[in-house]
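Notes to accompany the following structure.
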Amino acid sequence: MNLARFAVISFTFERKNGCYMMKRFQGSQRFVAFFTCAIFMLALNLTCSLGNAFSAVPGAEFEAKTDDGAILTIRRYLPEWGKPFNEEAPPVILMPGAGANINEFDLRSPEGKRYDVKLPEVLPEWARGDEIIRRDPIKFYSLAYYLYSQGYDVWLGCYRASADITRGWFPSWNSSIDHYGIYDVAAVVKKVRQITGRKPIYIGHSMGATMAYIYLQGAVFKGLANPKVVSVPAKARMRNNGSGSEAVRGFVNLDGPIVPSVNVCIPSIVFFFLVPEACISTGGIDPSLAECSADIIILMERILWALKDCLPDFLKPIAAAIRFVNPANIDINVLKFHSGYVGGGLHTHAMAQYSDSIKWKKLREYYRNGVFGRLVIFPPRPYPGDGYYYYSDNMHKITLPSLVLADATCDITDPDDIKSFYLKKGRNCLDEFHVMRDTAHLDLVNGLLAPYETFPVIGRWLKKLSG
C-alpha cells in the first residue's frame, strides 16, 4: 500500500526567501524531476553513511541506559593516550547530527594512519605552538580538541541511531526525534551529571540541536499504547539550568532546524514509503573505500556551487537538495574523515517527522503517535486541538542561556529558520545569535574557517556563561 500511494504522489517547488520548498502538484514531468532528486539524495545519504568505529580511541567510554531500555555509549574525550581528563572543569556534551555518529566532533587520525592536512601559515592564537596539533594536524578542525585545549571536560554523546554503525537494515520501532529528545538526551545528561557532579553544557549540531528543543521543553511520553507527547512544566524548569539530575547549564545550537529545507524533506519521503519503521546504517565498510567518495562529493559540490545561479529552474531544487558543504571552506582530508568514520544510522521515523515539519512549516511530535497513529500514512493537516504537541509553538519554554550559530547558506537548513528559534525561545541576557560567513551546513562545524571563527565564538560565549 505504501508503494502504491508513493507512486501517485508528486511535488513541485516554490521559491521563498531564497529557499526551495515543496508543495503537492500533478504532472508526469514534475514527478520525474522529483523522483530524480529523490534518487540523488538517497545515493548521497548512502555515500555519507559509510562510517566505522575506531579500533582504539583515547578516553573512557560509559554506557547510558534510557528509560525505554536503549543502551547508548558516550565517550569522555582525550586527544591522546597519557593526557589527563579535565575532571575539575565544566562538562560539555557534544551531540552529532542526523546520519552522523560519535566521531563527528572528534577528528583524529586513526591508529596507523595520518591524514595529509596542511596547516595554514598563520594559526589562530589558541593553536599556535600546540604540539598535539603538530603531531596530528587534523585535530586543528576538531571542536572536541578545541574545547579540551580550552580546559573543558568534553563528552561525546550519541543517540540510538548514531550508535548503530555496524549494522544494516533492521526493525526500529522507537526511533522518532521524540525518542531522541525525551529518552536519549535525558540519559546522556544524567550520566554526565552523575559522573562529574556538575550541570553540563549541551552543544548540538543539526538534529543534535533539534532533539534538545524537545528535552528543554520538558517533554515526556504519556500513555501506554503508542504514547503521545506532553510537556511537564516542572521538568522544563529543572532542565533549563535548574537543579536536579536532568539540568543543563547552557545550550549551543549549531544550525539546528525547526523546519529543515527541501533536501531533508526529499530523502525522508523516500525512506518512509520504501522501508517504513526501519533504520539504515552502512557502517562496517572499509574506511579506505568509503573515503574515495569524498573526491566525488567535493567535485559534485564544486559544480553545484559554480552553477547555482545559472541552472534552469527545474534543476535548481535538485541542486539545493544536495548542496550541504561549501567546497571552498573544507579540507578534502576532513571530508575523507567524515566519509570513512562519521556515518551513523538514519531512522525513517525521524526523517518522516522532519518531512512533516517542512510540509506544514511546524515541528510537532511524530504524526503517527497515538493509539491509532500507526494507521496514519500521510501527515494530517494541523488544526487547533488536533491532539498533537507542537514543539515550534512552545519554544518560549526554553529559557536557559543559548548561543545560536547558523550557516550562511540556504541548504539543508535555512538561516532564517535557525534564527526563528533564537527569536522564539524564552529570553536570557546571555543569548546570542550569529550567522557564520561563507559556511554551509557541514563546514560550519569543521571547515577551514571554523578554527578562526566558529570555535572562538563558542569559546568566548562559554567564558561569559562561566561568568
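Not counting sequence neighbours, the partners of L94 by the side-chain contact (heavy atoms from CB on, under 4.5 Å) test are V92, F105, L143, A144, L147, V154, L156, I203. The ring pair (Phe, Tyr, Trp, His ring centres under 6.0 Å) search around Y215 returns none, not counting sequence neighbours. In this structure, the side chain to side chain donor-acceptor pair (under 3.5 Å) partners of D331, at least two apart in sequence or on a different chain, are N333. Scanning for ring pair (Phe, Tyr, Trp, His ring centres under 6.0 Å) contacts around Y388 gives an empty result, with sequence neighbours left out.
In the model, N446 has no side-chain atom that pairs as donor or acceptor with a side-chain atom of E104 under 3.5 Å. Looking only at atom types and distance, the side chain of Y202 has no donor-acceptor partner in the side chain of N253 under 3.5 Å away. H347 and S176 share no donor-acceptor pair across their side chains, judged by distance under 3.5 Å alone. Using modelled atom types and a 3.5 Å distance limit, the side chains of H441 and D255 yield a donor-acceptor pair. Side chains of D68 and T66: a donor on one and an acceptor on the other come within 3.5 Å. A donor-acceptor contact closer than 3.5 angstrom is absent between the side chains of D443 and N326.
A pairwise comparison of heavy atoms in Y159 and A100 identifies OH-O, 3.9 Å as the closest pair. When all heavy atoms are compared, the tightest approach of V229 to E365 is N-OE1, 3.1 Å. Among all heavy-atom pairs drawn from W305 and A440, the shortest one is CZ2-CB, 4.1 Å. The shortest heavy-atom contact between S261 and C410 is OG-SG, 4.0 Å. Between R249 and L465, the closest heavy-atom pair is NH2-O, 3.6 Å. For the residue pair D356 and R364, the shortest heavy atom distance occurs at OD2-NE, 2.7 Å.
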Go through the steps for Y180 and S175 under the test side chain to side chain donor-acceptor pair (under 3.5 Å), then give the verdict.
-> CA-CA 7 Å; Y180 305 158; S175 57; 5.6 Å; no

Verify salt bridge (Lys or Arg N to Asp or Glu O under 4.0 Å) between R437 and E453, making sure each step is shown before the conclusion.
-> CA-CA 9 Å; R437 66 181 182 93; E453 298 185 13; 2.6 Å; yes

Stepwise salt bridge (Lys or Arg N to Asp or Glu O under 4.0 Å) check, D417 with K419 = CA-CA 5 Å; D417 172 69; K419 188 175 183 178; over 6 Å; no

Report the C-alpha distance between D184 and R160 in whole Å, list the side-chain angles of each, state the deciding distance to 0.1 Å, and finish with yes or no for salt bridge (Lys or Arg N to Asp or Glu O under 4.0 Å).
-> CA-CA 7 Å; D184 298 356; R160 59 195 64 201; 2.6 Å; yes

Could you go step by step and tell me if F221 and Y183 meet the ring pair (Phe, Tyr, Trp, His ring centres under 6.0 Å) rule?
-> CA-CA 9 Å; F221 282 118; Y183 290 136; 5.5 Å; yes

Criterion salt bridge (Lys or Arg N to Asp or Glu O under 4.0 Å) on R193 and E246, from CA distance to verdict | CA-CA 8 Å; R193 180 70 185 271; E246 299 180 7; over 6 Å; no

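Checked against the 6.0 Å centroid threshold, F140 and Y145 do not count as a close aromatic pair. The aromatic ring centroids of W155 and Y77 lie 6.0 Å or more from each other. The aromatic ring centroids of H179 and Y366 lie 6.0 Å or more from each other. The ring of Y391 has its center closer than 6.0 angstrom to the ring center of Y389.
Within the structure, ring-ring contact (aromatic ring centres under 6.0 Å, His included) pairs that include any residue of residues 397-421 comprise Y213-F421, F251-F421 (at least two apart or interchain). Sorted by first and then second residue, the salt bridge (Lys or Arg N to Asp or Glu O under 4.0 Å) pairs involving residues 389-403 (not counting sequence neighbours) are K362-D393.
A distance of 7.0 Å separates CG of D438 from CG of N329, quoted to the nearest 0.5 Å. Note: L216 CG to N240 CG = 5.0 Å, rounded to the nearest 0.5 Å. Once rounded to the nearest 0.5 Å, the distance linking OG of S420 with CE of M395 reads 7.0 Å. Considering CG of N369 and NE2 of H349, their distance stands at 9.0 Å, rounded to 0.5 Å. Distance check, rounded to the nearest 0.5 Å: CG of L444 to NE2 of H434 gives 12.0 Å. Within the model, atoms CZ of R239 and OG of S245 stand 9.0 Å from one another, a figure rounded to the nearest 0.5 Å.
No side-chain heavy atom of P380 sits under 4.5 Å from any side-chain heavy atom of D386. Here the side chains of R75 and D106 are in contact, with some heavy-atom distance below 4.5 Å. Under the 4.5 Å side-chain criterion, counting only non-hydrogen atoms from C-beta, M436 is in contact with V457. Using a 4.5 Å cut-off on side-chain heavy atoms (C-beta onward), I214 and I182 make contact. Side-chain contact check for W126 versus S149: some heavy-atom pair is nearer than 4.5 Å. Residues V404 and I418 are in side-chain contact: their nearest non-hydrogen atoms beyond the backbone lie under 4.5 Å apart. In this structure the side chain of L72 reaches within 4.5 angstrom of the side chain of V188, judged on heavy atoms. Counting only heavy atoms from C-beta outward, the side chains of I138 and F337 approach each other to under 4.5 Å.
The backbone N or O of R368 lies less than 3.5 Å from a partner atom in the side chain of N226, making a donor-acceptor pair.
Partner of D407 under the side chain to side chain donor-acceptor pair (under 3.5 Å) criterion, chosen from T413, T439, T454: T413. Here the rule is side-chain contact (heavy atoms from CB on, under 4.5 Å) with M300, and of I298, I303, L304 only L304 fits it.
By the neighbour-count criterion of 12 heavy atoms within 6.0 Å, atom NZ of K222 is sparsely surrounded, having that number or fewer from other residues, nucleotides or ligands. Other residues, nucleotides and ligands contribute only 12 or fewer heavy atoms inside 6.0 Å of the CZ atom of R381.
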